[in-house]
Amino acid sequence: MDKSKADLAEAVASITDGASVMIGGFGSSGIPFGLIDALLEQGATGLTVISNNAGAGDTGIAKLLKEGRVAKVICSYPRSPGSIWFERRYEAGEIALEVVPQGTLAERIRAAGAGLGGFLTPTAYGTLLAEGKETRIIDGKGYVLEAPLPADFALLRADRGDPWGNLSFHATARNFNPVMAMASRHAVAEVRELSRAPLDPERVVTPGIFVQSVVEYGVRP
C-alpha cells in the first residue's frame, strides 16, 4: 500500500518511449516541475503530451519540447506568451498538434476517468474542430460527439500527500490535476509535503486509488 518513492527519478522510471503523458497545471500554477525535469533526465522520447498549454520559456513542458522529446501535443493553448519552443518545433514539422477547447479538454479527460464513452457538446459545432466527428441536432441545437481522452501516465503537482497516494491541493493549483489522476493508467504525484500519517479524509481531493506513485518535492517555483 506504500506508494511513496525515494526520489523523482524512481517516480518516473517506468515511463516508456512513445507513452502518452498528461501533465497538470494551468499557466504556471500546479505544474509538476520536478517530475518534468526528472523525465527529461530519464530519457523517454516520442511522447504525446496532454496539457492545458505547451509551456513557456525554457522550463516545464517547454524544456521537453526544447530537447526534442515530444512527438505530439494535445492542448488548448499551444501558443502562450513565451512559448518559443513549441513554435519552433511546430514550424519545423517536428511535432504534431491537436487543439482542444479548454472546457472540452477537461471534460474529455474527466470522461475517461469516469469510464464514459463520450459526451455531446455544442462547443466547436460548425467549426474546423468538428470535422470528422459525429454531430447531432437536439432540440434545434447542434452538438459534437467528443471521445474520452485517457493517457498512459499523468504527472501531477499537489500540496500534500500520504504514502497511500491521497492528495490535497493548494487553491487553484488543483486545476487539471485531479481529473488527470483519474484518466491515467499510472499517476505520479509530486507533493510539497509527504505526510507519514493518513491525510484527513475531509481534506482529500484525489483518493489514493487513482494514484500509483507519490514523491516529496518541496520546491514550489
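Note that the numbering runs from 1 along the sequence shown for the chain. Values in this document were obtained by computation on a predicted structure and should not be read as measured data.
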Residues D159 and R192: closest non-hydrogen pair is OD1-NE, 2.6 Å
Can you see whether D58 engages W85 through a side-chain donor-acceptor pair at a distance of less than 3.5 angstrom?
yes
Note, L97 side chain near C75 side chain (heavy atom, < 4.5 Å):
yes
Which distance, rounded to the nearest 0.5 Å, do you find between the CG of L35 and the CD1 of I23?
9.0 Å
List in chain and number order the residues that pass salt bridge (Lys or Arg N to Asp or Glu O under 4.0 Å) with E193, two or more places apart in sequence or in another chain; answer none if no residue qualifies.
R160
Please tabulate, one pair per line, all N/O donor-acceptor pairs under 3.5 Å involving side-chain atoms of residues 124-132, not counting sequence neighbours.
from: T127; atom 1: OG1; to: A124; atom 2: O; distance (Å): 2.7
from: T127; atom 1: OG1; to: L129; atom 2: N; distance (Å): 3.2

So do L156 and M180 actually touch side chain to side chain, heavy atoms under 4.5 Å?
yes
Linking I/L/V/M/F/W/Y whenever their side-chain heavy atoms sit closer than 4.5 Å, directly or via other members, would Y217 and F169 fall into one cluster?
no
Linking I/L/V/M/F/W/Y whenever their side-chain heavy atoms sit closer than 4.5 Å, directly or via other members, would F26 and Y77 fall into one cluster?
no
Considering only NZ, NE, NH1 and NH2 on the basic side and carboxylate oxygens on the acidic side, decide whether R196 and D162 come within less than 4.0 Å.
no
Student check: side-chain heavy atoms of I138 and L120 closer than 4.5 Å:
yes
Kindly say whether T172 contributes a backbone atom to a donor-acceptor pair with the side chain of N175 at under 3.5 angstrom?
yes
Mind checking whether K3 and S213 have side chains closer than 4.5 Å, heavy atoms only?
no
Can you tell me how far the CG atom of L47 sits from the CG atom of D17, to the nearest 0.5 Å?
7.5 Å
Return yes when atom CG of L145 has more than 12 non-hydrogen atoms of other residues, nucleotides or ligands closer than 6.0 Å, and no otherwise.
yes
Can V214 and K5 be said to form a side chain to side chain contact (heavy atoms under 4.5 Å, CB included), step by step?
CA-CA 6 Å; V214 60; K5 301 300 179 182; over 6 Å; no
Where do Q212 and A187 come nearest, in terms of heavy atoms and distance?
OE1-N, 2.7 Å
Looking only at heavy atoms, which two atoms of A173 and S29 are closest? And how far apart?
CA-OG, 3.2 Å
So I15 and V21, do their side chains get closer than 4.5 Å, heavy atoms only?
yes
Do you know the tightest heavy-atom contact between G55 and S83?
O-CB, 3.3 Å
Report yes if some heavy atom in the side chain of T121 is under 4.5 Å from a heavy atom in the side chain of E107; otherwise report no.
no
Can you get from V205 to L199 by hopping between Ile, Leu, Val, Met, Phe, Trp and Tyr side chains that sit under 4.5 Å apart?
no
With under 30° as parallel and over 60° as perpendicular, where do the rings of H186 and F153 fit, or are they tilted in between?
tilted
Minimum side-chain heavy-atom gap F119-R108 below 4.5 Å
yes
Which atoms form the tightest heavy-atom contact between P148 and G117, and what is the distance?
CD-O, 3.5 Å
When rounded to the nearest 0.5 Å, the distance separating CD1 of I36 from CZ of R69 is 13.0 Å
With a cut-off of 6.0 Å (strictly less than), are more than 12 heavy atoms of other residues, nucleotides or ligands near CZ of R203?
no
Tell me, with the steps shown, if R110 and E146 meet salt bridge (charged side-chain N to carboxylate O under 4.0 Å, His left out).
CA-CA 12 Å; R110 191 197 71 83; E146 294 284 357; over 6 Å; no
Output for pair (N53 CG, Q102 CD), nearest 0.5 Å, gives 9.5 Å
Honestly curious: do M182 and V188 fall in one hydrophobic cluster under the side-chain, below-4.5 Å linking rule?
no
Can you measure from CG (L167) to CZ (R174) and round to the nearest 0.5 angstrom?
11.0 Å
Rounded to the nearest 0.5 angstrom, the CD-CG distance for E216 and D7 is 12.0 Å
Can you find a heavy atom in the side chain of L149 that is under 4.5 Å from one in the side chain of I74?
yes
Closest contact, heavy atoms only, E190 versus I31:
OE2-O, 4.2 Å
Just jot down the salt bridge (Lys or Arg N to Asp or Glu O under 4.0 Å) partners of E87, sequence neighbours excluded, or say none.
R79
